[in-house]
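Letters A, B, ... mirror the listed sequences (proteins, then strands); counts begin at 1.
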Protein chains: 4
Amino acid sequence: MTAKKAKKKPQAGSETRKRTRLSPEVRRKQILEAALVEFSRQGFAATSIAMIAERVGISKGNVYVHFSSKNEIFETLLESLSSVGKAQGNWSRLETAQDVPAFIDNLIDASYASLTPEALAVLRMTIAEGHRVPGILAKWQEANLSGRANRQAAIDEQVAAGRMKRGPLTDHFHFAMTPVVYAAVARLVFGEAAAEDVDRMKETHRKLLHQLLRS
Amino acid sequence: MTAKKAKKKPQAGSETRKRTRLSPEVRRKQILEAALVEFSRQGFAATSIAMIAERVGISKGNVYVHFSSKNEIFETLLESLSSVGKAQGNWSRLETAQDVPAFIDNLIDASYASLTPEALAVLRMTIAEGHRVPGILAKWQEANLSGRANRQAAIDEQVAAGRMKRGPLTDHFHFAMTPVVYAAVARLVFGEAAAEDVDRMKETHRKLLHQLLRS
Amino acid sequence: MTAKKAKKKPQAGSETRKRTRLSPEVRRKQILEAALVEFSRQGFAATSIAMIAERVGISKGNVYVHFSSKNEIFETLLESLSSVGKAQGNWSRLETAQDVPAFIDNLIDASYASLTPEALAVLRMTIAEGHRVPGILAKWQEANLSGRANRQAAIDEQVAAGRMKRGPLTDHFHFAMTPVVYAAVARLVFGEAAAEDVDRMKETHRKLLHQLLRS
Amino acid sequence: MTAKKAKKKPQAGSETRKRTRLSPEVRRKQILEAALVEFSRQGFAATSIAMIAERVGISKGNVYVHFSSKNEIFETLLESLSSVGKAQGNWSRLETAQDVPAFIDNLIDASYASLTPEALAVLRMTIAEGHRVPGILAKWQEANLSGRANRQAAIDEQVAAGRMKRGPLTDHFHFAMTPVVYAAVARLVFGEAAAEDVDRMKETHRKLLHQLLRS
DNA sequence: AATGAATGAGTCTTCATTCAT
DNA sequence: AATGAATGAAGACTCATTCAT
């Protein structure tokens with residue numbers, strides 16, 4: 001045990017939550033949300049079903065009504081997170097932008113804005129516990145590659161249209177966004193202490209893209 | 001048990017290991033090495049003292065002769081890893097290089113070569129379990145910042161000497177190396193499957209630095 | 001293991017005990033009863049949760065459903081034993097007795113009768129392990145003192161009414177009952193072998209009180 | 001674990017005690033002394049060989065050079081304590097006193113003075129752990145009885161000589177000293193908090209003996 | 001669907017004891 | 001005689017999972 005835990009015990013004060021009957025879908029979602037918080041906070045092994053149940057406000061036993069094992073919760077969670085392609089969503093809009101500088105600004109802002117606590121939690125879980133779900137990782141990688149290809153195609157178009165200057169970066173545009181991962185890792189490791197650094201990084205990033213892509 | 005276990009059963013071909021008596025320093029080192037492997041493989045909570053002991057080839061009890069708790073092993077391990085500044089070591093040599101293109105090639109090669117399995121293990125542990133040792137993280141961050149400052153000074157010198165072209169990158173040189181972290185994360189998450197991608201990234205990285213720094 | 005153990009081996013004639021579900025109150029009581037026996041027999045440290053669980057006929061784990069630690073069992077046990085004031089209960093009745101000789105006989109008989117195996121167990125635990133629960137000891141001592149004061153008051157009344165002869169004993173009546181503690185200790189140390197001795201003691205005690213208190 | 005323990009570890013500051021070679025007799029005595037302190041403080045099971053070794057200032061291993069097991073230490077200790085007959089020792093002198101009041105005063109003072117911390121430690125151990133050494137207990141009881149017989153004979157002589165008043169107490173003189181055991185138990189359970197009470201008891205005890213024995 | 005008592009297989013840690021030095 | 005590294009057998013406590021209600 002690393003830290004002390006407050007004893008639970010029904011406790012006077014926390015009115016014994018009466019049985020609330022919810023539809024399976026709702027409960028499952030509640031459980032997955034709680035699991036995301038706990039798994040990314042302490043990791044899979046250090047998270048107990050009791051913690052998840054408590055966060056949802058239900059009994060341990062009830063968790064097993066909705067999932068057959070802790071592992072299943074984890075897998076379902078990661079699978080449901082395949083919708084991480086939010087950043088990609090933005091792309092469809094960005095593609096249409098005629099103005100390259102505006103596109104770059106949008107891209108930078110959107111990318112760094114995507115480093116939400118939830119996204120960081122997912123990244124931490126992926127790095128820390130991804131090995132538990134190799135199948136899902138493979139799927140992600142594929143999705144990643146195809147998304148990347150689409151974005152590359154969009155860039156190629158811009159270059160062909162003479163709106164972007166060709167260079168190593170337009171030839172391998174995915175590389176242009178790697179600093180965002182650095183920013184994410186910095187926040188994962190150093191937390192708030194990294195905020196200032198990340199901001200400075202973002203501006204350097206922005207300037208470089210402008211310098212390198214502007215035709 | 002989340003992961004598979006294999007040979008356990010006290011015996012099964014392994015002759016009753018004779019008592020081997022080693023000096024505390026040697027045993028401690030052995031234990032720390034085993035711990036690094038196990039912790040980075042499964043994480044702190046999912047690693048049992050039994051696994052570490054088995055990897056070293058000693059009894060569980062003996063682990064406690066050398067460390068007073070699992071936690072102490074972890075902390076000692078991370079502390080002993082403060083020597084991660086290998087990359088920085090290279091720098092002193094790089095500084096002296098008069099030839100900027102050679103400097104860049106050295107930098108790129110050294111940086112990506114530093115992504116050894118051991119270094120990756122440390123990174124994974126830091127991301128996954130760093131919160132267990134806030135004190136050590138703070139120390140690392142400081143060391144990081146001062147190392148970064150030194151490197152920046154070296155770059156500034158080159159710029160002042162007219163050997164490097166000034167730009168957003170020379171003003172904030174740390175940023176130039178962030179793709180290496182992406183490469184590390186890619187390997188952590190996708191393993192060997194990321195190798196090809198990382199190689200391509202490395203070459204793009206190299207080209208960009210040449211383009212941006214060459215005066 | 002200092003003492004002998006006996007039947008353990010999960011099975012050996014004891015059919016796989018069916019899950020018996022009981023209310024927490026009942027189980028807690030069962031556990032406390034078993035704990036009293038075991039703690040007073042071997043002491044706190046030498047008693048294992050397994051012994052207690054086995055005596056109750058439940059699994060070790062179940063003990064922790066009802067108590068959060070071995071220590072809590074011990075404390076709860078001693079606290080619940082604060083009702084040791086049985087002897088005092090008798091007093092209310094004795095006070096009303098008009099007849100001093102009868103009062104003395106009742107007192108002696110009740111006092112020695114209170115040396116039940118359970119009471120002896122409590123005494124042993126108190127002597128051997130009382131230091132673990134200083135708070136409870138303090139409470140006991142207070143209760144003791146107030147009980148003692150009440151009894152002294154009753155005696156004072158008898159003396160004032162001329163029904164008892166004044167003397168060092170009536171001035172400090174608590175002292176009159178100290179031989180009972182000797183009897184208790186004798187039984188604790190020598191067990192049944194002390195029975196005869198205790199009986200003789202009891203009669204001497206009775207005679208002396210008659211001699212000293214009869215006006 | 002009830003209380004926290006300071007980590008040992010060779011520790012800088014406590015100069016690594018150099019090997020001191022002592023004769024077996026001396027070491028055995030040292031170990032037994034340390035064992036008495038520790039056993040009576042925490043009980044047999046809660047006392048570790050390490051604690052005893054540390055108190056003596058030797059290594060755990062060395063303890064086993066002098067005793068073959070923890071149990072043997074305990075048994076040897078209790079056996080060596082058979083010399084508890086210090087109080088009896090006094091008797092030989094008291095017998096010779098011609099003056100009954102002086103005899104009584106001596107008896108009271110000597111008896112209560114015998115409640116040294118060491119004697120209390122022995123009593124606690126006997127009550128708490130006596131069952132571990134039934135053989136020794138039996139021996140003690142015998143010794144006790146014969147000592148008691150001697151003292152009774154001395155009293156009988158005094159009575160026959162008309163120097164003491166006959167009564168239930170002279171007929172069963174052992175009973176006269178039972179309050180001392182109460183005093184001992186009070187100290188064991190309540191520690192210093194019982195001191196005042198014990199003093200008062202002692203004086204009542206003295207007065208009563210004077211009253212009952214004075215012819 | 002929900003609860004929570006019950007279980008059993010671990011997990012960390014301690015400790016009496018052994019043994020090479 | 002002395003040391004201290006090494007071991008193996010517990011022991012307290014945790015937790016995923018089951019099941020009667």
Without swapping roles, check the side chain of A/K60 against the backbone of A/S48 for a donor-acceptor pair under 3.5 Å.
no

From CZ of C/F74 across to C1' of F/dA12 the rounded distance in Å is 17 Å

For D/T126, give me all partners under side-chain contact (heavy atoms from CB on, under 4.5 Å), at least two apart in sequence or on another chain.
C/V189, D/V122, D/L137, D/W140

Sorted by number, residues from residues 34-42 of chain D placing a heavy atom under 4.0 Å from DNA chain F are none

Measure the distance from CD1 on B/I31 to P on F/dA6 and round it to the nearest whole Å.
8 Å

Closest approach to the side chain of D/V65, judged atom by atom: which nucleotide of F/dA2, E/dC12, E/dA6 is it?
F/dA2

Determine, step by step, whether B/V133 and B/E79 satisfy the side chain to side chain contact (heavy atoms under 4.5 Å, CB included) criterion, reporting the C-alpha distance in whole Å, the side-chain angles of both residues, the deciding distance to 0.1 Å, and the verdict.
CA-CA 9 Å; B/V133 285; B/E79 228 152 46; over 6 Å; no

Distances for protein N/O vs nucleotides 18-21 of chain F N/O pairs under 3.5 angstrom?
{"unit_1": "F/dT18", "atom_1": "O2", "unit_2": "C/R19", "atom_2": "NH1", "d": "2.6"}
{"unit_1": "F/dT18", "atom_1": "O2", "unit_2": "C/R19", "atom_2": "NH2", "d": "2.9"}

Under the salt bridge (Lys or Arg N to Asp or Glu O under 4.0 Å) rule, what pairs show up with a residue in residues 33-48 of chain B, not counting sequence neighbours?
B/E38-B/R55

Send over the distance from C/F44 CZ to F/dG11 P, rounded to a whole Å.
14 Å

Rounded to whole Å, the CG-C1' distance (C/N71 to F/dC13) equals 13 Å

Reckon C/H66 has a side-chain N or O less than 4.0 Å from the OP1 or OP2 of E/dG4?
no

Taken to the nearest 0.5 Å, the spacing of D/I58 CD1 from D/I31 CD1 works out to 4.0 Å

NZ of C/K70 to OH of C/Y64: how many Å apart, nearest 0.5 Å?
8.0 Å

Measure CD/D/Q30 against C1'/F/dA1 and give the value in whole Å, please.
13 Å

What heavy-atom pair brings A/A46 and B/R132 nearest, and what distance separates the two atoms?
CB-NH2, 4.3 Å

In whole Å, I'd like the distance from the CD1 atom of D/I49 to the P atom of F/dT3.
15 Å

A/I73 CD1 to A/R28 CZ distance, which is reported to the nearest 0.5 Å:
9.5 Å

Rounded to the nearest 0.5 angstrom, the CZ-CG distance for A/F74 and A/L32 is 12.0 Å

Take the protein atom CD of B/E54 and the nucleotide atom C1' of E/dT11, then report the distance between them rounded to whole Å.
15 Å

Take C/V63 and B/N62, find for each the nucleotide of DNA chain E with the closest heavy atom, and name the residue whose nucleotide sits nearer the 5' end.
C/V63

Checking contacts here: which listed nucleotide (E/dC12, E/dA1, F/dC15) is nearest the side-chain heavy atoms of A/S48?
F/dC15

Can you name the side-chain hydrogen bond (donor to acceptor under 3.5 Å, both in side chains) partners of A/T47, sequence neighbours left out?
A/Q42

Give me the bend of the helix from E/dA2-F/dT21 to E/dT21-F/dA2, using the axes of the five pairs at each end, rounded to 10°.
0°

Rounding to 0.5 Å, atoms CE (B/M125) and CG (B/L77) come to a distance of 4.5 Å

Closest-nucleotide ordering on DNA chain F, the 5'-leading residue of D/R27 and C/A45
D/R27

Heavy atoms from C-beta onward define the side chain here; which of F/dA12, F/dT7, E/dT3 lies closest to that of A/I58?
E/dT3

Over all heavy atoms of both residues, which pair between B/E72 and B/F67 is shortest? Give the atoms and the distance, please.
OE1-CD2, 3.2 Å

Expressed as a whole number of angstroms, how long is the span from D/F67:CZ to E/dA16:C1'?
16 Å

Just checking C/S23: base, sugar-phosphate only, or nothing, at a heavy-atom cut-off of under 4.0 Å?
nothing

